[in-house]
Amino acid sequence: MSLLRSLTGPADLRALRPDQLPVLATEIRDALVAAVAKTGGHLGPNLGAVELTIAVHRVFESPREPIVFDTGHQAYVHKLLTGRLDGFAQLRQRGGLSGYPSRAESEHDWVENSHASTSLSYADGLAKAFAVRGEDRPVVAVIGDGALTGGMAWEALNNIAAAQDRPVVIVVNDNGRSYSPTIGGVADALATLRLRPGYEEALAAVRQALHRAPVVGTKLYDALHAIKKGLKDVLAPQGMFEDLGMKYVGPVDGHDIEMMESALRRARSFGGPVIVHAVTTKGFGYPPAETDTIDAWHSTGVFEPDSGLSSAAKGPEWTDVFADELVRIGTDRSDVVAITAAMLHPTGLAPFAERFPERTYDVGIAEQHALTSAAGLAMGGLHPVVAIYSTFLNRAFDQLLMDVALHGQPVTLVLDRAGVTGSDGASHNGMWDMSICSIVPGLQLAAPRDEPTLREALREAVQVTDGPTVVRFPKGALPPEVPAVERRGPVDVLRRGSADEVLLVATGSLVPMCLAAAQRAADHGIEVTVVDPRWVMPVADELVTLAGEHRLVVTVEDGGRAGGVGTLLSQALQDADRDVPVRTLGLPQQFFEHGSRGQVLADVGLTEQDVARRIVEWAARVADRTAAPAEPQAEAAEGQQ
């Protein structure tokens, strides 16, 4: 039996001899590659955290002593060490293990965090709770250098450092990357710690450079020399964190289990907040990941484990079209700039950055800053395009509302992975964006249905000069193009019924399914006209007029029903005194179990068959209600004869 197979939990791990641990690390890497090759997932971060995670579980007694991972996608090794090897082959599949920590899976998973920079706040709260209850229980937070670019992490550090008697051990997994190479001042400081240049050599280099500067060089050098301690703190490992009042251990080789254990035991024995700085290599031990300069296989699809080659056929995707069109727009307009929150490649901004590096800004994992910085760029006469995943817009709502919209600034948000993403679970479904955007005054939101409408929407968005615009699209391959038979204002008519019976309002990528559902309903004698609003916020007058001409309106959307397309259209009809019944099909406001996109949509009835059935049923009820009042009138007429 392999060592990994023999482990039922952390207690078994702690019983292993030190000489067995390198063998275990190799088995874990083999298991990671074999499983993720079949299911896809976050491979690079976990390959780099194998020894680190082994050491953490040998020093701390999970689950009594909580271990919180930030972000949770680096917790695969943690799952394997806590007795979940048997379910690992179904990673991120319906009925299998989640791709993130899951409280339903194991008592070792304290939180289900998958949005970055949160672990330190969880750890701070847990440590405070244990102190109030009089329990001596250390809390461990494992946070990557990328997550340290998020402001929330530093807010938490400020609070953690304020209590010297609360045992919080912060393990900084420093691999120089978040999704891509980590960007920003914090990243530069940590890079300095990795390189560890001597203080005197650095100061000499500064002196030599400044003496060559005219007039002010010598005086400026003297000023720098006077603040020698400050410069030394930048270059010495402890300075960055000890200024916060926290003890510092490191840098430590994160791939040396013995050294990691020693550092963690020292941190544990201190009894207060401690930083353990572990230097690791993302993708460590698997050459295709280690040599990938883009993101070290941060997240991968299905691949051949021996060669690392993708085994899935891949056509053009939504992100590819956005990337291409933004470069075209940037070529035409020198005022268009791009912003990413540490996701240059995943959001499709890499081609724009390559073509226009001086007009591309990677702000790190800092969505709040991204939006307000974008507002400043707009105030300065530029048109920023902020590309993030839909689920991460949640983190920047206040900035969208108060910093962008309140000031009427022309900022375009491009939301990738909108709607149901599926396999990454509840935290990554982009189902909230339309709900939260619907309450932002002056915001315009487009949901393109195919490649031409995506290109068109993006160009229309950057033409807006008086407020924020949003363009949202899902993850994955592009659907076939769906031409319009007519355009009324911004609304595309895609299918005409022979009678004004049912108006089916189809949103974004669900258009092909809605057209198929309309045909099914027509086969049952229900006349359905299908329209695509394209710009779903605000509701176009032309859509209100079309809806008012029909006996029933059905809206279909891949976002939350609350505050979505159906809600907005219902309100617009009321405001226009149009008494038309509206039925909404969308996502209920709940957290969905991970599974494929198709499985999640089927769970909530967003399939061709289900939509057609509901249309037929609702149309029949409307017809019955319309006919019902005529019967008493006919009887009354007969009584008068």
Side-chain angles (χ1 to χ4, degrees), residues 94 418-422 429 431 434-435 447 449-450 474 476 479-480 482 485 491-533 536 543 546-570 573 578-593 595-628:
R94 174 59 59 88
V420 174
T421 57
N429 284 324
M431 59 176 287
M434 289 195 288
S435 296
R449 64 181 180 269
D450 55 18
V482 180
V485 297
V491 180
D492 280 347
V493 179
L494 307 178
R495 182 185 191 277
R496 290 195 192 93
S498 59
D500 295 334
E501 188 172 2
V502 177
L503 181 70
L504 178 58
V505 181
T507 305
S509 63
L510 296 183
V511 160
M513 181 272 288
C514 289
L515 286 169
Q519 184 57 53
R520 279 180 176 259
D523 292 342
H524 288 79
I526 307 298
E527 293 298 330
V528 182
T529 294
V530 181
V531 298
D532 170 14
V536 299
L543 182 58
L546 277 165
E549 295 170 352
H550 288 75
R551 296 168 61 185
L552 170 68
V553 176
V554 178
T555 66
V556 182
E557 56 196 293
D558 60 349
R561 292 198 302 256
V565 176
T567 302
L568 293 174
L569 181 55
S570 295
L573 286 166
R578 299 293 187 107
D579 191 13
V580 182
V582 178
R583 299 292 181 266
T584 299
L585 293 171
L587 303 176
Q589 310 304 120
Q590 67 185 63
F591 298 112
F592 297 107
E593 179 188 357
S596 70
R597 182 173 185 268
Q599 287 171 329
V600 176
L601 291 176
D603 289 344
V604 298
L606 290 178
T607 66
E608 173 188 330
Q609 296 87 343
D610 287 326
V611 171
R613 176 178 56 81
R614 301 299 292 274
I615 291 173
V616 172
E617 291 173 351
W618 286 331
R621 291 175 191 171
V622 169
D624 290 343
R625 290 172 186 168
T626 303

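With rounding to the nearest 0.5 angstrom, the CD1 atom of I526 is 9.0 Å from the CD1 atom of I615. Note that CG of L569 and CG of L503 are 8.0 Å apart. Values are rounded to the nearest 0.5 Å. Note that CZ of R449 and CG of L494 are 5.0 Å apart. Values are rounded to the nearest 0.5 Å. For the atom pair R614 CZ and L585 CG, the distance stands at 6.0 Å (nearest 0.5 Å). For the atom pair L515 CG and E608 CD, the distance stands at 10.0 Å (nearest 0.5 Å). Distance CG/D558 to CE/M434: 5.5 Å, rounded to 0.5 Å.
Formation of a donor-acceptor pair under 3.5 Å by the Q589 side chain with backbone atoms of R561 is found in this model. Not a single donor-acceptor pair under 3.5 Å links the side chain of S435 to the backbone N or O of G564. Within the 3.5 Å criterion, the main-chain N or O of G566 finds a donor-acceptor partner in the side chain of E557. Counting only distance, with no hydrogens or angles, the side chain of E527 and the backbone of E501 share no donor-acceptor pair below 3.5 Å. No side-chain donor-acceptor contact under 3.5 Å links T584 to the backbone of T555. With R495 contributing its side chain and V528 its backbone, the two residues share a donor-acceptor pair below 3.5 Å.
Here the closest non-hydrogen pair linking V482 and P512 is CG2-CG, 4.5 Å. Minimum interatomic distance between A518 and V530 (heavy atoms only, all atoms of both residues): CB-CG2, 3.6 Å. The shortest non-hydrogen separation linking R551 to V622 is O-CG1, 3.8 Å. A pairwise comparison of heavy atoms in L573 and G548 identifies CD2-N, 4.3 Å as the closest pair. Across all their heavy atoms, A619 and L552 have their closest contact at N-CD2, 3.7 Å. For the pair A447 and T507, the tightest heavy-atom approach, listed with the atom from each and the gap, is CB-CG2, 3.8 Å.
Between S509 and R597, the closest side-chain pair of non-hydrogen atoms falls below 4.5 Å. Using a 4.5 Å heavy-atom threshold, the side chains of V511 and D450 count as separate. Side-chain contact between L601 and M513 is absent, with no heavy atoms from C-beta onward closer than 4.5 Å. Taking the side chain as every heavy atom from C-beta outward, D603 and R94 approach each other to under 4.5 Å. Between L568 and V536, every side-chain heavy-atom pair lies at or beyond the 4.5 Å cut-off.
Around CG of D523, the count of heavy atoms belonging to other residues, nucleotides or ligands within 6.0 Å exceeds 12.
Ion pairing between a basic and an acidic side chain is recognised when a charged N comes within 4.0 Å of a carboxylate O; R613 and D610 show such pairing.
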